[in-house]
Structure formats: C-alpha cells, structure tokens
Amino acid sequence: AVLPAQQLAAPIEGQDLTKIIYELVDNAFKFSKAPARVQFNATIQDDTYVILVTDQGRGMTPENIAAIAAYVQFERATYEQQGAGLGLAIVRRLLELAGGLFQIESTVNAGTQVRVTLPFGSSNS
C-alpha cells in the first residue's frame, strides 16, 4: 500500500501498532495451509487508517468470534495449535486503548478478514 507522504498522528504507540499487525498476520498464516494466500492492505479512508488482513484459512463461526478472549483457543481438540490464545484478545485491547476498532468477517472453511480502524489527525510536528 502506498500512503501519502504526510505526518499522521495516530493515537497509538508504534510498538503497539507493530504488535497488532504482527498478531493479525501471524494468526492469518497460522490458520491457513499452504498454498493459501494471506493478504495485507493498509489505506487511509477519510480520517481513518484502515488495515485489512485476509486469509484463506479454516475460518471462524459467529460463536467463535463472539467468544474472543484471553486464553481462548477454538477447536483445540481438532486442530493442533501453538500459543496461548492471546493474539486477538491483545489486538482488541490495544485498539480499545487507542480508540480504534476491529471487525472480523469469517466463513468456516473459506477464510477470514480482519479490519482494523484507527482514527488519526494531521500533525505538523
């Protein structure tokens, strides 16, 4: 993605934004099998920075999405999963602190798209 060469003041620390992107991309690859593709896109829409991460993985049910919390892993008995189940819970909390949001659209056995939005303002500093 190509973003305009202007200073943007997002209400989030760089390390937190890096963590959000890392967790979303890591999850996308973790729950997709090769040769499935993972797409990452970052754009500016109006006064909002938008990040989309789309995978072709196993997807989630509406119940899975509603149950996102720390230490929750879905279908652990069916799929071997590494990690503690913190990824999306961390993303949600960091975005809440920054005034941002994330939305998940998912279809079981077809894939998931996570949309992150962060408000920003122009900065001259």
Side-chain angles (χ1 to χ4, degrees):
V2 177
L3 298 177
Q6 64 183 9
Q7 292 289 329
L8 301 177
I12 190 166
E13 294 291 326
Q15 66 191 23
D16 292 344
L17 182 57
T18 299
K19 181 67 172 172
I20 288 167
I21 292 168
Y22 171 82
E23 292 294 342
L24 294 178
V25 172
D26 183 56
N27 267 1
F29 279 109
K30 189 183 300 181
F31 298 111
S32 297
K33 289 186 179 181
R37 293 179 15 173
V38 171
Q39 295 179 320
F40 176 88
N41 188 22
T43 60
I44 295 173
Q45 296 176 357
D46 300 318
D47 290 337
T48 306
Y49 187 62
V50 179
I51 298 169
L52 296 174
V53 178
T54 306
D55 68 47
Q56 297 172 334
R58 69 178 194 229
M60 294 186 284
T61 66
E63 294 80 16
N64 293 152
I65 295 168
I68 291 171
Y71 305 108
V72 173
Q73 293 183 331
F74 306 114
E75 302 174 22
R76 178 76 179 195
T78 305
Y79 301 99
E80 173 54 32
Q81 297 171 192
Q82 300 298 315
L86 289 171
L88 292 178
I90 289 170
V91 169
R92 174 180 279 162
R93 185 64 183 138
L94 289 173
L95 287 167
E96 286 172 355
L97 292 170
L101 298 171
F102 87 119
Q103 301 165 309
I104 300 174
E105 292 182 20
S106 191
T107 303
V108 174
N109 297 321
T112 300
Q113 181 178 74
V114 179
R115 176 186 174 97
V116 168
T117 56
L118 279 166
F120 68 84
S122 294
S123 172
N124 295 327
S125 55

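Residue indices begin at 1 and follow the sequence shown. In this text the structure is predicted, and so the values were computed from the model without any measurement.
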*Asks:* Quick check for you: to the nearest 0.5 Å, what is the distance between I104 atom CD1 and I65 atom CD1?
*Replies:* 5.5 Å

*Asks:* CD1 of I12 to NZ of K19: how many Å apart, nearest 0.5 Å?
*Replies:* 12.5 Å

*Asks:* First locate atom OG1 of T43, then atom OH of Y49, and finally report the distance between them rounded to the nearest 0.5 Å.
*Replies:* 8.5 Å

*Asks:* Between T61 (side chain) and N64 (backbone), is there a donor-acceptor pair under 3.5 Å?
*Replies:* yes

*Asks:* Can you find a side-chain donor-acceptor pair between T54 and Q113 that sits under 3.5 Å?
*Replies:* yes

*Asks:* For P119 and G100, which heavy atoms make the closest approach, and how far apart are they?
*Replies:* CD-CA, 4.2 Å

*Asks:* Do I44 and L118 belong to the same hydrophobic cluster, where Ile, Leu, Val, Met, Phe, Trp and Tyr are linked whenever their side-chain heavy atoms lie under 4.5 Å apart, directly or via other members?
*Replies:* yes

*Asks:* Starting from I90, can I reach M60 by hopping between I/L/V/M/F/W/Y residues whose side chains sit under 4.5 Å apart?
*Replies:* yes

*Asks:* Let me confirm one number: the OG1-CZ distance from T107 to R58, rounded to the nearest 0.5 Å.
*Replies:* 14.5 Å

*Asks:* Do you reckon L52 sits in the same ILVMFWY cluster as L95, going by side-chain contacts under 4.5 Å, direct or chained?
*Replies:* no

*Asks:* Sub-3.5 Å donor-acceptor pair from the side chain of Q56 to the main-chain atoms of G111, do we have one?
*Replies:* no

*Asks:* Give a yes or no on whether F29 and V114 share a hydrophobic cluster (residues Ile, Leu, Val, Met, Phe, Trp, Tyr; joining criterion: side-chain heavy atoms under 4.5 Å apart).
*Replies:* yes

*Asks:* Say you draw a straight line from CZ of F102 to CD of E96; how long is it, rounded to the nearest 0.5 Å?
*Replies:* 8.5 Å

*Asks:* Considering all heavy atoms of both residues, which atom of S106 and which atom of G59 are nearest to each other, and what is their separation?
*Replies:* OG-CA, 3.2 Å

*Asks:* Does E105 CD have over 12 foreign heavy atoms under 6.0 Å away?
*Replies:* no

*Asks:* Which one of V91, T112, D55 satisfies the side-chain contact (heavy atoms from CB on, under 4.5 Å) criterion with L24?
*Replies:* V91

*Asks:* Roughly how far, to the nearest 0.5 Å, is the OG1 atom of T18 from the CD atom of Q15?
*Replies:* 8.0 Å

*Asks:* In terms of hydrophobic clusters joined by side-chain contacts under 4.5 Å, are L17 and L101 together?
*Replies:* no

